[in-house]
Amino acid sequence: MKRTRLITLFLVLATFILSSVNAQEIIVVDPGLGTLQAAIDANGGDVVYMLNAGEWYGLEQILQVSDVTMGGQGKTLSIIGEETEGMPPVIQVGVDYDGSTQRCLFRISSNMTLRNVFLADQDIAGNAGPAIIELDAPVKLIIENCVIDPAGREQTFRGNSPADGSK
């Protein structure tokens, strides 16, 4: 009987330790202009960036998702919006220094997950960018429960031969 209890206790402790080691850190990002980019610059990849439902996250530049910006090879970017029955968090395309709408929201060459967000590819003046996401390498891109509006003036996803093999 004691042996069974010790084995059970050991298995429970081992499961708890392994699950806590694999847990990702969650960073709640404040809404506003440039706050998402600032959080990513400060914390890199393999972190979950949580966005608040109904809030606005404006981009000042195209979000670069690469081994360099994520802080190492194989690190991924995860942006998750708070689940809601109402308006999800909005990530809006930025404007270049010359006033033109940026060509996309994300340029990725590392794996990325987007969940429960509204991707607005239209600047404040109502001008749409040509694409939502540019793929610069073979990547795994997961998009779940997202709204994309407008769905890319030219293409929703852009990426020629460098993106071959993407999933």
Side-chain angles (χ1 to χ4, degrees), residues 15-31 34-84 87-94 96 101-123 128-167:
T15 302
F16 177 76
I17 291 169
L18 288 175
S19 65
S20 65
V21 167
N22 291 327
Q24 283 187 308
E25 180 181 3
I26 296 174
I27 296 176
V28 178
V29 181
D30 292 330
T35 58
L36 179 57
Q37 181 67 45
I40 293 169
D41 289 347
N43 299 286
D46 288 349
V47 174
V48 174
Y49 295 94
M50 181 64 70
L51 307 184
N52 299 318
E55 298 291 351
W56 176 78
Y57 297 84
L59 301 182
E60 294 181 302
Q61 60 190 13
I62 297 170
L63 284 174
Q64 305 286 335
V65 183
S66 68
D67 290 344
V68 173
T69 59
M70 293 299 102
Q73 186 172 4
K75 292 192 175 188
T76 64
L77 177 64
S78 296
I79 300 173
I80 311 295
E82 181 181 15
E83 289 189 37
T84 180
M87 184 68 173
V90 176
I91 302 173
Q92 186 172 21
V93 70
D96 282 330
T101 306
Q102 292 171 346
R103 55 183 293 114
C104 61
L105 281 86
F106 303 96
R107 183 173 294 125
I108 66 172
S109 57
S110 290
N111 297 340
M112 183 169 112
T113 298
L114 291 167
R115 185 175 295 129
N116 303 329
V117 295
F118 185 109
L119 300 175
D121 189 34
Q122 195 171 45
D123 66 20
I132 305 297
I133 296 174
E134 287 188 358
L135 306 173
D136 286 344
V139 298
K140 181 178 181 183
L141 174 61
I142 299 170
I143 300 176
E144 293 179 345
N145 197 34
C146 293
V147 175
I148 300 175
D149 184 49
R153 185 169 42 103
E154 295 173 15
Q155 298 170 315
T156 300
F157 304 103
R158 173 178 277 170
N160 295 316
S161 58
D164 286 352
S166 292
K167 300 175 184 171

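As a basis for the values below, the full set of heavy atoms in this structure was taken, side chains included, without hydrogen atoms, waters or symmetry mates. The residues of the chain are indexed from 1 along the displayed sequence.
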- Item | Any D46 side-chain heavy atom under 4.5 Å of T76 side chain | yes

- Query: Of all residues at least two apart in sequence or in a different chain, which pass the salt bridge (charged side-chain N to carboxylate O under 4.0 Å, His left out) check with E134?
  - Reply: R103, R107, R158

- Task: Determine whether F106 and I79 make a side-chain contact, defined as any pair of heavy atoms from C-beta on separated by less than 4.5 Å.
- Result: yes

- Item | Non-neighbouring partners of T101 that pass side-chain hydrogen bond (donor to acceptor under 3.5 Å, both in side chains), sequence neighbours left out | D123

- Item | Side chain to side chain, Q37 and L63, heavy atoms closer than 4.5 Å | yes

- Task: Working to the nearest 0.5 Å, report the span between OG1 of T35 and CG of L59.
- Result: 9.0 Å

- Task: Check D136 against S109 and note the closest heavy-atom contact, atom names and distance.
- Result: CB-CB, 4.1 Å

- Worked check of side chain to side chain contact (heavy atoms under 4.5 Å, CB included) between L105 and D121: CA-CA 7 Å; L105 281 86; D121 189 34; 3.5 Å; yes

- Message: Just to verify, what does D30 make a side-chain contact (heavy atoms from CB on, under 4.5 Å) with, not counting sequence neighbours?
- Response: none

- Query: How far does CD1 of I62 sit from CD1 of I108, to the nearest 0.5 angstrom?
  - Reply: 12.5 Å

- Task: Could you tell me whether the side chain of I143 reaches within less than 4.5 Å of the side chain of I133, counting heavy atoms only?
- Result: yes

Can you give me every donor-acceptor pair (side chain of residues 111-119, partner residue at least two apart or in another chain, under 3.5 Å) with its distance?
{"from": "N111", "atom 1": "OD1", "to": "K140", "atom 2": "N", "distance (Å)": "2.8"}
{"from": "R115", "atom 1": "NE", "to": "E144", "atom 2": "OE1", "distance (Å)": "2.5"}
{"from": "R115", "atom 1": "NH2", "to": "E144", "atom 2": "OE1", "distance (Å)": "3.0"}
{"from": "N116", "atom 1": "OD1", "to": "N145", "atom 2": "ND2", "distance (Å)": "2.7"}
{"from": "N116", "atom 1": "ND2", "to": "G81", "atom 2": "O", "distance (Å)": "3.2"}

- Task: Identify the heavy atoms of A53 and E82 that sit nearest to each other, and give their distance.
- Result: N-OE1, 2.9 Å

- Task: Calculate, to the nearest 0.5 Å, the distance between atoms OG and CD1 belonging to S78 and I26 respectively.
- Result: 10.5 Å

- Quick check: does any side chain N or O of T69 sit under 3.5 Å from a backbone N or O of Q64, one acting as donor and the other as acceptor? yes

- Query: Under 3.5 Å, side chain of Y49 to main-chain N/O of L77, donor-acceptor pair present?
  - Reply: no

- Item | Under the side-chain contact (heavy atoms from CB on, under 4.5 Å) test, residues paired with E60 that sit two or more places apart | L33

- Item | Least distance between heavy atoms, M70 atom then I40 atom | CE-CG2, 3.6 Å

- Item | All side-chain hydrogen bond (donor to acceptor under 3.5 Å, both in side chains) counterparts of D67, not counting sequence neighbours | S110

- Query: What is the distance from atom CG of L36 to atom CG of D41, rounded to the nearest 0.5 Å?
  - Reply: 9.5 Å

- Item | Nearest atoms (heavy-atom pairs only) where N52 meets P89 | O-CB, 3.2 Å

- Item | Nearest atoms (heavy-atom pairs only) where V47 meets N43 | CG2-O, 3.9 Å

